[in-house]
Amino acid sequence: AVTERVNSALNQVRGMLVDGDPEAVTDYAKLLEMARNDPDEAVRRECRRAATAIERSGRLGLRFEMLQWQRVRADVRRETLRRLILEDAT
């Protein structure tokens, strides 16, 4: 029984670390949806601000953080390639 409880607790911790706080993930998704689609500009702006606060809180988990780094690296590679092509063309 103790082993099962310890394993369950470890699985919960792993889930929180990797996938984030489920409540924060749900709230973040709703805020992004509203930031994109709400007809009111003030609501869109406030939703984006709140979503950014959740991003910075670290509550979205390591998977989210790694995907963010992957996007940044892809942008840097793309920009580097663009510069190389343009500089070589001139």
Side-chain angles (χ1 to χ4, degrees):
V2 172
T3 301
E4 287 178 21
R5 289 175 56 196
V6 169
N7 283 336
S8 176
L10 288 173
N11 285 334
Q12 287 178 331
V13 169
R14 185 202 69 71
M16 291 283 284
L17 285 171
V18 173
D19 299 320
D21 176 7
E23 183 179 334
V25 172
T26 300
D27 291 346
Y28 181 72
K30 289 177 185 177
L31 287 166
L32 288 181
E33 169 70 22
M34 290 178 70
R36 281 190 296 266
N37 298 321
D38 197 273
D40 186 340
E41 171 60 31
V43 170
R44 290 194 308 269
R45 185 174 45 250
E46 185 59 26
C47 287
R48 184 65 227 152
R49 187 200 60 75
T52 299
I54 291 174
E55 288 174 4
R56 292 181 180 159
S57 73
R59 294 175 54 210
L60 295 176
L62 292 173
R63 185 183 318 276
F64 175 82
E65 297 295 329
M66 295 299 291
L67 288 171
Q68 293 299 97
W69 279 108
Q70 181 182 10
R71 289 182 190 111
V72 168
R73 290 180 66 202
D75 290 345
V76 169
R77 285 192 302 269
R78 188 178 308 109
E79 179 62 18
T80 301
L81 183 57
R82 186 190 68 77
R83 287 183 183 181
L84 285 171
I85 291 170
L86 289 177
E87 288 175 9
D88 286 346
T90 57

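Quick caveat, the model's predicted, so the values are computed rather than measured.
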Can you give me every donor-acceptor pair (side chain of residues 2-17, partner residue at least two apart or in another chain, under 3.5 Å) with its distance?
unit_1 : atom_1 : unit_2 : atom_2 : d
N7     : ND2    : T3     : O      : 3.4
N11    : ND2    : N7     : O      : 3.3

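For the atom pair T52 OG1 and E55 CD, the distance stands at 5.0 Å (nearest 0.5 Å). Taking SG of C47 as the start and CZ of R36 as the end, the distance is 11.0 Å to the nearest 0.5 Å.
Judged by distance alone, with hydrogens and angles left aside, the side-chain atoms of R44 form a donor-acceptor pair with the main-chain N or O of D38 at under 3.5 Å.
With sequence neighbours excluded, the residues that form a side chain to side chain contact (heavy atoms under 4.5 Å, CB included) with E23 are D21, D27.
The list of side chain to side chain donor-acceptor pair (under 3.5 Å) pairs with a residue in residues 70-79, not counting sequence neighbours, reads Q68-R71, D75-R78, E79-R82, E79-R83. Within the structure, no pair that satisfies the ring pair (Phe, Tyr, Trp, His ring centres under 6.0 Å) test touches residues 32-60, not counting sequence neighbours.
Membership of the apolar cluster around V43 extends to M34, as traced through chained side-chain contacts below 4.5 Å between ILVMFWY residues. Other residues sharing a hydrophobic cluster with I54 under the 4.5 Å side-chain heavy-atom criterion for ILVMFWY residues are V25, Y28, L31, L32, L60, F64.
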